[in-house]
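We're numbering straight along the sequence, starting at 1. This one's a predicted model, so the numbers in the text were calculated from it and none came from an experiment.
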Amino acid sequence: MSIANAPRAIYPTPKSANWYDGEIIFSTRPRLQVFSPSGGAGLAECFEDMWKRFTFGTGKAKTACATGTPGFSLSVGGDAPVLPEIKAGDTYALRVDAGGVAARAVDEKSLLHAWMTLIQLLHPRCLDKGKELFAVPHVEIGDSPALAFRGLHLCVFPETSLVFIERILRLAGLLKYSHVVLEFWGMLKLDSFPLLAWPQAFSKEQVRPIIDAARQMGVEVVPMFNHWGHAAGSRSRYGRHVVLDQDPSKALLFEPDGWTWCLSNPDSLKIMSEVRAELSEVCGEGKYFHLGCDEAYSHATCDLCRKKNAAALLGDFLNSVSADLVKGGRRGIIWGDALLDSTKWEKPITATSRPDQRTHEALPTLSRDLVIADWQYSSELKEVPSFAHFKEQGFDVLLSPWFHPDNIITLGKTAAENGGLGILETTWHTLPEHPYSMLEAAVSAWSGSEEAFGEFRKKGPFNLTNMASLLRKLVPAEGDYKNSGWNSFEVTG
């Protein structure tokens with residue numbers, strides 16, 4: 001049976017799946033065995049939590065952990081099933097038959113991927129209280145990701161609830177995203193510079209459990225703080241400024257319009273350094289830090305900065321920040337638009353280095369420890385020439401689509417076929433209106449295949465209703481209208 005006609009949807013689509021007649025029935029208390037080089041306790045905690053969530057709060061697996069090659073088995077009685085062999089090129093193998101469920105993986109992260117596949121196959125047979133039964137269809141799956149970095153960029157606005165953040169982070173884990181870039185738009189209270197948060201912002205104690213949950217599901221949470229443009233902590237179209245609307249005396253930290261940090265002010269540099277350290281601690285251990293660095297309309301316009309070469313000012317600043325991050329074991333990620341000459345690049349490529357700034361001239365001088373995230377939202381070509389440009393300059397490159405399906409698959413396929421580090425799916429303020437983009441980017445990043453993406457799109461609205469079903473299991477709304485779905489309203493206006 002083809003994946004297109006599979007009895008159960010799996011997101012993202014596995015590389016190969018052979019379906020067979022029959023299914024195995026579990027009570028809510030199956031026997032779970034977990035093996036890993038570390039002993040399996042951390043994995044088992046995640047597996048047990050997911051089992052409980054996908055059995056509507058009724059399930060509690062009877063778990064045993066042991067040291068060994070990464071693997072797990074679920075059984076209803078008798079001997080535990082033998083773990084399957086992994087085929088060349090795959091990172092995990094999953095088998096379900098009359099004897100139970102068994103999976104083997106090349107590492108612990110891949111074993112989490114096997115579990116996220118399995119848990120989506122679990123469906124109820126009886127939900128009478130005390131008699132609950134759940135089934136999994138017989139199948140053999142071999143799978144591996146096309147891209148190592150499968151990222152989602154999530155913005156936290158004053159209108160964003162904690163429940164929504166948890167839902168999206170948990171869904172990212174289920175969809176096998178490797179990274180979530182978490183950007184707080186004035187919505188996280190920081191000890192280092194409290195004015196960077198609105199009074200109603202979340203505390204670190206409120207967000208840490210959500211971040212920990214994502215990390216347990218295999219997601220690296222990447223801290224983000226805008227180090228250049230977007231210094232207002234709010235969208236330019238509405239004119240707010242998280243710092244200056246609370247204390248106008250801090251104006252010299254920024255260029256005259258407030259939109260861009262002043263890179264010549266040592267106080268600005270000190271604040272950004274302290275914020276990097278604090279956000280890195282909040283988000284936990286990881287390899288990356290997103291520095292933003294797009295749309296710096298007012299770069300080098302103050303009395304101090306305009307006396308300097310605008311490109312050199314940017315380049316020296318980014319190299320200094322990069323060196324600081326590398327000391328802590330992280331690499332900086334920067335948006336690529338300001339490193340492309342707007343007079344040389346034509347649509348659909350987005351380039352924002354203006355003739356009066358010429359910030360693209362900083363590109364050759366930048367440390368190759370920096371990763372460039374090339375956001376090209378209008379590109380629906382077979383190739384993305386800006387990606388090739390950055391690659392030729394020796395940079396690791398992430399391709400960043402937005403919400404249009406053709407854009408998502410073009411950038412995912414380009415990255416997979418041309419040695420890209422991966423993709424970083426952006427959502428900005430539009431995630432509630434285009435939640436399907438999160439599913440589409442997961443499929444594109446995992447498969448890198450137009451064929452797999454095309455089969456996924458054939459399901460149309462079913463993908464959206466299935467996403468809602470997954471969210472209800474991951475984080476139940478418990479009867480609260482505002483905590484249900486992915487939007488706080490049904491009708492506007």
Side-chain angles (χ1 to χ4, degrees), residues 145-153 177-181 183 220 222 224 226-229 286-296 311 314-315 318-319 321-322 325-326 330-342 344-353 359-402 404 406-427 441-442 444-449:
L147 293 169
F149 192 110
R150 304 175 303 281
L152 178 75
H153 173 221
Y177 276 97
S178 60
H179 298 78
V180 172
V181 174
E183 180 179 4
E220 177 183 328
V222 179
M224 178 171 179
N226 283 301
H227 278 57
W228 195 29
K287 296 181 179 179
Y288 301 97
F289 192 110
H290 202 309
L291 302 168
C293 297
D294 64 325
E295 299 178 330
L314 175 62
L318 287 176
N319 284 336
V321 172
S322 177
L325 287 172
V326 169
R330 293 180 184 265
R331 300 179 68 185
I333 301 173
I334 56 175
W335 301 120
D337 57 295
L339 301 173
L340 297 174
D341 185 352
S342 61
K344 300 289 179 61
W345 291 87
E346 298 179 353
K347 294 295 182 183
I349 299 302
T350 299
T352 64
S353 173
T359 50
H360 65 278
E361 293 178 356
L363 181 65
T365 73
L366 294 182
S367 167
R368 269 49 177 180
D369 288 321
L370 291 166
V371 176
I372 295 179
D374 186 19
W375 59 275
Q376 297 300 340
Y377 300 151
S378 300
S379 185
E380 298 169 14
L381 307 170
K382 295 300 180 184
E383 297 179 353
V384 184
S386 53
F387 165 80
H389 173 69
F390 290 132
K391 284 281 292 180
E392 289 168 0
Q393 291 284 329
F395 290 93
D396 284 332
V397 185
L398 296 169
L399 278 161
S400 291
W402 197 356
H404 195 285
D406 290 338
N407 180 235
I408 290 171
I409 185 55
T410 293
L411 270 60
K413 185 171 181 287
T414 297
E417 293 181 353
N418 297 281
L421 181 62
I423 71 169
L424 176 58
E425 165 67 11
T426 62
T427 59
S444 179
W446 188 266
S447 69
S449 160

> When Leu291 is tested against each of Asn226, Val371, Leu370 for side-chain contact (heavy atoms from CB on, under 4.5 Å), which residue passes?
Replying inline: Leu370
>> Please report the interatomic distance CH2(Trp345) to CD(Gln376), rounded to the nearest 0.5 Å.
In response: 8.5 Å
>> Determine whether a donor-acceptor pair (N or O, by modelled atom type, separation under 3.5 Å) exists between the side chain of Ser342 and the backbone of Ser353.
In response: yes
>> Between Thr352 (side chain only) and Glu295 (backbone N and O only), is there a donor and an acceptor less than 3.5 Å apart?
In response: no
> So Ile372 and Gln393, side chain to side chain contact (heavy atoms under 4.5 Å, CB included) or not? Walk me through it.
Replying inline: CA-CA 11 Å; Ile372 295 179; Gln393 291 284 329; over 6 Å; no
>> Could you walk me through whether Val384 and Thr410 satisfy the side chain to side chain contact (heavy atoms under 4.5 Å, CB included) test, starting with their C-alpha distance in whole Å, then the side-chain angles of each, then the deciding distance to 0.1 Å, before giving a yes or no?
In response: CA-CA 8 Å; Val384 184; Thr410 293; 4.3 Å; yes
> Under the side chain to side chain contact (heavy atoms under 4.5 Å, CB included) criterion, do Phe289 and Arg331 qualify, and how do the steps go?
Replying inline: CA-CA 6 Å; Phe289 192 110; Arg331 300 179 68 185; over 6 Å; no
> Roughly how far, to the nearest 0.5 Å, is the CG atom of Leu318 from the CG atom of Asp369?
Replying inline: 12.5 Å
> Donor-acceptor pair, Lys391 side chain versus Gly419 backbone, under 3.5 Å?
Replying inline: yes
> How are the rings of His290 and Trp335 set relative to one another: parallel (under 30°), tilted (30 to 60°) or perpendicular (over 60°)?
Replying inline: tilted
> Which heavy atom of Pro401 sits nearest a heavy atom of Glu425, and at what distance?
Replying inline: CG-OE1, 3.2 Å
>> For the CG atom of Leu314 and the SG atom of Cys293, what is their distance to the nearest 0.5 Å?
In response: 6.5 Å
>> So His389 and Asp374, do their side chains get closer than 4.5 Å, heavy atoms only?
In response: no
> With Ser444, which of Asn407, Ile408, Leu147 fulfils side-chain contact (heavy atoms from CB on, under 4.5 Å)?
Replying inline: Ile408
>> Using every non-hydrogen atom in the two residues, find where Ala441 and Ile423 come nearest and quote the distance to one decimal.
In response: O-CD1, 3.8 Å
>> Distance check, rounded to the nearest 0.5 Å: Leu366 atom CG versus Asn319 atom CG?
In response: 5.5 Å
>> Counting C-beta onward and ignoring hydrogens, is there a side-chain heavy-atom pair between His153 and Ser400 closer than 4.5 Å?
In response: no
>> Looking at Thr350, is its backbone amide N or carbonyl O close enough to the side chain of Ser378 to form a donor-acceptor pair, meaning the two atoms are under 3.5 Å apart?
In response: no
> Heavy-atom distance under 4.5 Å between the side chains of Ile334 and Phe395, does that happen here?
Replying inline: no
> How far apart are the C-alpha atoms of Leu340 and His360, what are their side-chain angles, what is the distance that settles it, and do they pass the side chain to side chain contact (heavy atoms under 4.5 Å, CB included) test?
Replying inline: CA-CA 5 Å; Leu340 297 174; His360 65 278; 5.7 Å; no
> Where is the tightest heavy-atom contact between Gly336 and Trp375, given as atom of each residue plus distance?
Replying inline: N-CD1, 4.4 Å
>> Please report the interatomic distance OG1(Thr427) to CD(Glu183), rounded to the nearest 0.5 Å.
In response: 9.5 Å
> When rounded to the nearest 0.5 angstrom, what is the spacing between CG in Leu411 and OH in Tyr377?
Replying inline: 10.0 Å
> Between Ala416 and Gly448, which heavy-atom pair has the shortest distance, and what is it?
Replying inline: CB-CA, 3.9 Å
> Does any N or O in the side chain of Thr365 come within less than 3.5 Å of the main-chain N or O of Gly315, such that one atom is a donor and the other an acceptor?
Replying inline: no
> Of all heavy-atom pairs between Ala311 and Glu361, which one has the smallest distance, and what is that distance?
Replying inline: CB-CB, 3.9 Å
> Less than 4.5 Å apart, any side-chain heavy atom of Asp396 and any of Phe149?
Replying inline: no
